[in-house]
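In this text, all values refer to a predicted model and were calculated from it rather than measured experimentally. Convention: sequence-line order gives letters A, B, ...; per-chain numbering from 1.
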Amino acid sequence: MTTAPSQTEPQAQGDILFDIRGVGRYFGSGDIQVKALDDINLTIARGEFTAIVGPSGSGKSTLLQLMGGLDAPSVGDVHLNNKSIAHMSGRELSDFRRDHIGFIFQAYNLIPVLSAQENIEYIMLLQGVPAAQRRQRVQAMLNTVGLEGYADRRPAQLSGGQQQRVAVARAMVSRPSIILADEPTANLDSVTGSALLDMMKGLNESRSMTFVFSTHDPKIMERASRLIHLQDGRVVEDERRG
Amino acid sequence: MPKMLMLTLALRNVFRNSRRTLLTVGLIACGLAALMFTDAMVRGMSQSMVRIATGTLLGQAQIHRAGFRRNNDVDLYITHSDHLLQLLHDDPAVAVAAPRVITGAMLASSENVAAAMVYGVDGAAEAQLGKLQQAMVAGDYLHAGNGSAEGQRQLLVGTGLARLLEVELGDRVVITVSQIQGGDLSQELFRVSGMFHFNDRMLDQNLAFITLPRGQRLLGMDTGVHEIALRLPAPPAFDWQRYNGDWRGQVLQTLSWEKLIPQLSGVLEMSNVSTLIVAGILFMLVALGLINSMFMSIYERQYEFGVLLALGTRPVQLFWQILYEGFFIGVLSALSGLVLGGLLTWWKAATGIDYGNLEMSGVTLQEPIFPMLHWAQFTWMPLSIVLMTLVASLYPAWHAARLQPTRAMRKTL
Ligand SMILES: Nc1ncnc2c1ncn2[C@@H]1O[C@H](COP(=O)(O)OP(=O)(O)O)[C@@H](O)[C@H]1O
Ligand SMILES: [Mg+2]
């Protein structure tokens, strides 16, 4: 197993989407300081289908949060499209997340008081996308994730797998730069989980949408084209597959 | 568009935990209803007390010689009173002017002796001014039979005084007074011609009425009166200065009922303050209840707020969402409180609340209190409840807007 994570060569300069330089995230101080992430250097290229893997507590969620502008690094910097997001103000970060990041979480992704369609619409409503366009994009997205007849269902009326597919649709529909998914299959049985990942992979290939997701499930890792192994907050292996 | 989105979220979240919302709305609605009813009660009670106080004997204003009221000095009587009464009679702002002579006196029956205030009055004028005629429980009311011996001896005593003197209708009573200018004692014989019962212990034990001319004669004065009690149909139209100050070589003083019974006007002012205090306490309780319930709701939705923030919702938009929730709860509460308080007040305004002769600050509540509906109960009270819910929502809203998305989402997972 290779240690020392060597910076992987980007195929071309313009293809770098994320550039993570010397990033650390520390919690607490003094003796009880926890280094959730320590000296992370990574680039993510446009169109990748990357898995962040590692045991529980290795820093997967923290890394995804830093990439998505939900949290700020203690040291280092994160660039998206050559723009630093580590030091944005609260409102800039909100708008950055709205316009550039699609999030998918492990569970409870959806707003319970909104229907599937309204959940998918949410970001476009924040963005002020006109109604006709919204409706058309929501419909297309529901078709894509195979939930044509479920537009008006509330999350409580959907199965776990269906809920995650709505979450994928919501993340995709506003056409973000990247989709960050934190253990999206962890709450699903293996068949449903694999199906969800196949769907994500399909979207990655057909629409060249960039995905970064975390998992500790070997069956799920298999489908990634790149595996970043984390352990105790450090990248211990960065593995590309054919 | 985000405004509409936040409104939608707020509205749906208000009805999400409908039991909690109903309890909160019920709490605030009851607060509003209690406030409306308190206000109606205070208004009704004030009006009753004023009506009883001024409508029994006092009138809405009185004219005296300056200084008379200090210790009822019989020498301080208004001279040229016939002329003054004529002026009052011609004054459109005065409905009734009742002239009186007033003196402390000793009343002696064959059985007993008692001290009392003896009023020499114009029976017709008193009947229009106050309740004396209505208060008659035995015998006849005063009539102007000055010529006859029987007319000369008319005497009305209160039921309490009659008990003290142990007299019945027709019994003799000797009244002894000290006359004007020098205070020679003067005694005259009367017969109890009637008894009155104001349902007010003080009045029923301490008052006796004779006719005005007989009173003047008893005191040794030809004309003149000590007091003119006035009924004013519309007090604002009355010129308070017109019968005040120098008038024909004497100084007159016109006093409104508020000045004549300052303890009552004091109580009325205090009851306005007490409505405000009740309002203040209710608002505090209701605000705390609301804040408590909103915080419960926010804590339950912590993770959800984390998701909303992750999706790119601005903190200020969360702030508005919570404020809208408070607003909806406020509007719901104000509407249900209006119905509840309105119905309660309206019902009691029709039936009245009987306190059974409760005595308050010198006034006996001889009649049921009728709570009074008033526009203020239906305007600023519900409005201030809505405003209060908005103010109370500021704190939870501010709290929600300060949530750290990562921390909010760690809580549940
Ligand atoms: N807000 C926080 N406060 C303190 N410690 C934290 C916080 N967030 C994460 N950590 C710690 O950082 C480490 C990495 O956590 P996390 O990124 O959630 O790991 P993973 O997602 O791989 O399970 C863990 O040891 C966790 O306890
Ligand atoms: Mg995690």
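- Summarising the local packing, OH of A:Y26 is surrounded by more than 12 heavy atoms from other residues, nucleotides or ligands at distances under 6.0 Å.
- B:R314 touches chain A through backbone and side chain together, each having a heavy atom under 4.5 Å away.
- Taking the side chain as every heavy atom from C-beta outward, A:F103 and B:V307 never approach each other to under 4.5 Å.
- The closest side-chain heavy-atom distance from B:M6 to A:L125 is not below 4.5 Å.
- Here the CD1 atom belonging to A:I111 is positioned 9.0 Å from the CZ atom belonging to B:F305, to the nearest 0.5 angstrom.
- Among all heavy-atom pairs drawn from B:Q317 and A:L126, the shortest one is OE1-CD2, 3.7 Å.
- Closest approach of B:T313 and A:S94 over heavy atoms only: O-OG, 3.6 Å.
- For the pair B:R12/A:L114, a side-chain contact is recorded, criterion being any heavy-atom separation below 4.5 Å from C-beta on.
- Between B:F15 and A:V113, every side-chain heavy-atom pair lies at or beyond the 4.5 Å cut-off.
- Residue-environment remark: CE (B:M284) stays at or below the threshold of 12 foreign heavy atoms within 6.0 Å.
- Across A:A107 and B:Y303, no two heavy atoms sit closer than the pair O-OH, 2.9 Å.
- Considering OH of A:Y122 and CG of B:L9, their distance stands at 6.0 Å, rounded to 0.5 Å.
- Considering only heavy atoms from C-beta on, B:Q404 stays 4.5 Å or farther from A:D71 through its side chain.
- Residues A:E118 and B:L5 are not in side-chain contact: their nearest non-hydrogen atoms beyond the backbone lie 4.5 Å or more apart.
- A:R25 contributes atom CZ, which lies 7.0 Å from atom OG1 of B:T406 (distance to the nearest 0.5 angstrom).
- If you take CZ on A:R98 and CG on B:L311, they are separated by 12.0 Å, rounding to the nearest 0.5 Å.
- For A:N109, the part sitting under 4.5 Å from any heavy atom of chain B is the backbone (N, CA, C, O) and nothing else.
- Separating the CG atom in B:L308 from the CD1 atom in A:I123 is a distance of 10.5 Å, to the nearest 0.5 Å.
- Counting heavy atoms of neighbouring residues, nucleotides and ligands inside a 6.0 Å radius, atom CG of A:D38 exceeds 12 of them.
- Two residues are said to be in side-chain contact when any heavy atoms from C-beta on lie closer than 4.5 Å; A:Y108 and B:E304 fail this criterion.
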